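Here the structure is laid out as structure tokens; the discussion comes afterwards.
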Amino acid sequence: MRDGRVRPKRPKTAIVLSGGAARGAYEAGVLSYLRDGLVRDTGVRAHFDIVCGSSVGAINACVLAATAHDPDMQGSLMAARWSTLNIDEVLPLGTTDVLRFTRSMFGAAPAGSTHRHGGVLDPSALEKVVLEGIPWTMIQRNIAESRIEALAVSATHVSSGHTVIFVERNEPGLPPWGTDPFVHGTATRIRPQHALASAAIPIVFPAVSIDGQYYCDGGLRLNTPIAPAVRLGADRVLVVSLRHRPPEADRPRLSMAPPTPGHGPPSAFFLAGKVINALWLDHIDYDLDRLRRTNAVLDAGQRAFGPAFGAQLNDALVEQGAPALRPIRELRIEPSQDLGVLAGEIARSAEFARRAKGLVARALQRYAKGAEETDADAVSYLLFDQCYCAPLVELGIADARAHKEELARLFAEHEET
């Protein structure tokens, strides 16, 4: 510095975006507030050095990386695109789709075939949105010019079931990675195929071929990729979750009591929603708890043994081949409402009935009308329509605003690590 003073190093901040299909509109709302509302309310600008996403969060992450050269337009762009979706255009379903899926259930794709194989719905419309709505060539440029440092998206390798984290960053190769034998990092140039693979919900959408290997939804094993953000050097982590956590007193308890009379077996659609919920139940609570425990150990060690404790501990860990530890601040933003309940209400509404012309839309409407109020989880993942997505955007904005003071502290530019 010209005045001889040494400014504190600005910590690296990561944003981690979860998977949840149509629920991804909520993330657009949170991002809209971060870009347009936070600076207005607090005077603090949000900046992301590392962007990580899984499933629909991977698509939103790629939007952030591709438009990092113009952050002021990111919020309004994402909010507008999510708020104008039409389910009949995003999820068209016809007789040929049903026949194609039926054939794929009873046989593998022909050898040498490049056709995507194994999904109920034709992904062409969603692919068009992803391909045309994201300036893909700008990802590499924005990383090269240090507007962001790294982009990471997760996908599931179909033949092995392992999770693969595709990473593009401004340094060659990968940083020291984890020891989990089922999670692999690979340095690559992020292309549309990576985002589409990460968002390819099994059965619903076909798997995607990348360099001759098939991949599907990254949320099956790693729905909220916090660990990759930490490995890529994040000192602060903002996690956007798509799972509502009710207050402890309102959380349902497991009951083994006999069902009430007339309560029949669950429908296939009900089971599909619960299966998706189960598959996307990730390690977010465990990962955040581990971060907090590490922070507590480092803090207690410094208080007990002096400021050199952290360096001495890390020297010993490195000698043993273990990664060094550092304090990491974290903040989670999550829906203040149950998104499944909200989806059911909207699918049963007169407004959606006026729009429900396609087979998928009418199927969601029929199921929601016959389901219990809290049993519309499957609807919430497939309701790619402005009737649902626009309210989710608004909910994301409101929930982020409720955390404005915490967000301002998280993004304070000269905060010491």
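Heads up: numbering here begins at 1 and tracks the sequence. Treat the numbers as computed from the prediction; the structure is a model and nothing was measured.
Contact check for Leu34 versus Leu238: side-chain heavy atoms found under the 4.5 Å cut-off. Contact check for Phe384 versus Val360: no side-chain heavy atoms found under the 4.5 Å cut-off. Looking at heavy atoms from C-beta onward, Glu127 lies out of side-chain contact with Pro192 at the 4.5 angstrom threshold. At a threshold of 4.5 Å between non-hydrogen side-chain atoms, the residues Leu313 and Leu325 count as touching. Looking only at side-chain heavy atoms (C-beta outward), Leu291 and Ile226 come within less than 4.5 Å of each other. A heavy-atom distance below 4.5 Å is not found between the side chains of Leu64 and Ile148. Looking only at side-chain heavy atoms (C-beta outward), Val130 and Trp136 come within less than 4.5 Å of each other. Side-chain contact between His69 and Met138 is present, with heavy atoms from C-beta onward closer than 4.5 Å.
Under the 3.5 Å distance criterion, the side-chain polar atoms of Asn295 are matched with a main-chain donor or acceptor of Ile328. Although no hydrogens or angles enter the test, the distance criterion places no donor-acceptor pair under 3.5 Å between the side chain of Ser32 and the main chain of Ala28. The main-chain N or O of Ser55 is found under 3.5 Å from a side-chain atom of Ser198 such that the two form a donor-acceptor pair. Within the 3.5 Å criterion, the main-chain N or O of Tyr388 finds no donor-acceptor partner in the side chain of Asp385. Within the 3.5 Å criterion, the main-chain N or O of Arg191 finds a donor-acceptor partner in the side chain of His194.
Cation-pi geometry between Arg231 and Trp177 is satisfied (NZ or CZ under 6.0 Å from the ring centre, within 45° of the ring normal).
Heavy atoms only, all atoms of each residue included: Ala68 and Asn142 are closest at N-ND2, 3.4 Å. Nearest approach of Ala22 to Ser380, heavy atoms of both residues: CB-O, 3.6 Å. For the residue pair Pro135 and Ala66, the shortest heavy atom distance occurs at O-CB, 3.5 Å. Pairing each heavy atom of Ser349 with each of Ile346, the nearest pair is OG-O, 2.6 Å. Pairing each heavy atom of Ser241 with each of Ser18, the nearest pair is CA-OG, 3.6 Å.
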Requested in this report: Walk me through it: do Cys62 and Leu151 pass the test side chain to side chain contact (heavy atoms under 4.5 Å, CB included)?
Outcome: CA-CA 8 Å; Cys62 288; Leu151 167 66; 4.2 Å; yes

Report task. Take Glu145 and Arg141 through the salt bridge (charged side-chain N to carboxylate O under 4.0 Å, His left out) test and state the conclusion after the steps. Result -> CA-CA 6 Å; Glu145 296 180 1; Arg141 181 175 175 180; 3.2 Å; yes

Requested in this report: Report the C-alpha distance between Thr188 and Glu168 in whole Å, list the side-chain angles of each, state the deciding distance to 0.1 Å, and finish with yes or no for side chain to side chain contact (heavy atoms under 4.5 Å, CB included).
Outcome: CA-CA 6 Å; Thr188 188; Glu168 183 170 355; 5.8 Å; no

Report task. For the pair Arg23 and Asp377, evaluate salt bridge (charged side-chain N to carboxylate O under 4.0 Å, His left out) and give the outcome as yes or no after the intermediate values. Result -> CA-CA 10 Å; Arg23 295 183 179 204; Asp377 291 310; 3.6 Å; yes

**Report entry** Working for side chain to side chain contact (heavy atoms under 4.5 Å, CB included), residues Ile134 and Ile59
**Finding:** CA-CA 9 Å; Ile134 300 176; Ile59 296 177; 4.3 Å; yes

Query - Audit row: Leu38, Tyr33, side chain to side chain contact (heavy atoms under 4.5 Å, CB included) steps and yes/no - result: CA-CA 6 Å; Leu38 183 63; Tyr33 179 77; 4.0 Å; yes

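Arg81 is linked by a side chain to side chain donor-acceptor pair (under 3.5 Å) to nothing, counting only residues two or more places apart in sequence or in another chain. His162 meets the ring-ring contact (aromatic ring centres under 6.0 Å, His included) test with Phe182, His184; sequence neighbours excluded. With sequence neighbours excluded, the residues forming a side-chain contact (heavy atoms from CB on, under 4.5 Å) with Asp88 are Asn86, Lys357, Ala361, listed by chain and number. Take His157 and apply the ring-ring contact (aromatic ring centres under 6.0 Å, His included) test, not counting sequence neighbours, and it matches Tyr215. Scored by the side-chain contact (heavy atoms from CB on, under 4.5 Å) test, Gln337 finds Leu342, Leu395 as partners (sequence neighbours excluded). With sequence neighbours excluded, no residue forms a salt bridge (Lys or Arg N to Asp or Glu O under 4.0 Å) with Arg189. Ser154 is linked by a side chain to side chain donor-acceptor pair (under 3.5 Å) to Ser54, counting only residues two or more places apart in sequence or in another chain. Shown here are the side-chain contact (heavy atoms from CB on, under 4.5 Å) partners of Ala152, two or more places apart in sequence or in another chain: Cys52, Ile165, Val167, Leu232. Here Thr186 pairs with nothing under the side chain to side chain donor-acceptor pair (under 3.5 Å) rule; sequence neighbours left out. Under the salt bridge (Lys or Arg N to Asp or Glu O under 4.0 Å) criterion, Arg290 pairs with Asp287, not counting sequence neighbours. Gln74 meets the side chain to side chain donor-acceptor pair (under 3.5 Å) test with Arg35, Thr67; sequence neighbours excluded.
The CZ atom of Phe205 lies 10.0 Å from the CG atom of Leu196; values are rounded to the nearest 0.5 Å. To the nearest 0.5 angstrom, Ser336 atom OG is 7.5 Å from His244 atom NE2. Rounded to the nearest 0.5 angstrom, Ile50 CD1 and Thr13 OG1 are separated by 8.5 Å. The structure places CZ of Arg243 at 13.0 Å from OH of Tyr26, a figure rounded to the nearest 0.5 Å. Atoms OG1 and NZ, from Thr42 and Lys404 in turn, are 8.5 Å apart once rounded to the nearest 0.5 Å. With rounding to the nearest 0.5 Å, the separation of CD1 in Ile333 from CG in Leu31 is 9.0 Å.
Salt-bridge annotation for Arg40 and Asp36: absent, with no side-chain N of the basic residue lying under 4.0 Å from a carboxylate O of the acidic one. We find that Lys12 and Glu149 are joined by a salt bridge, their nearest charged nitrogen and carboxylate oxygen being less than 4.0 Å apart. One finds no salt bridge joining Glu351 and Arg355 here, because no Lys/Arg side-chain nitrogen approaches an Asp/Glu carboxylate oxygen to under 4.0 Å. Of the charged side-chain nitrogens involved, at least one lies within less than 4.0 Å of a carboxylate oxygen, so that Glu334 and Arg245 count as a salt-bridged pair. Between Arg329 and Asp235, no side-chain nitrogen of the basic residue sits less than 4.0 Å from a carboxylate oxygen of the acidic one, so the salt-bridge criterion is not met.
Of the candidates Arg292, Arg409, Arg236, Arg292 is the only one forming a salt bridge (Lys or Arg N to Asp or Glu O under 4.0 Å) with Glu330.
The salt bridge (Lys or Arg N to Asp or Glu O under 4.0 Å) pairs that include a residue from residues 45-74 are Arg10-Asp49, Arg45-Asp72, where partners are two or more places apart or lie in different chains.
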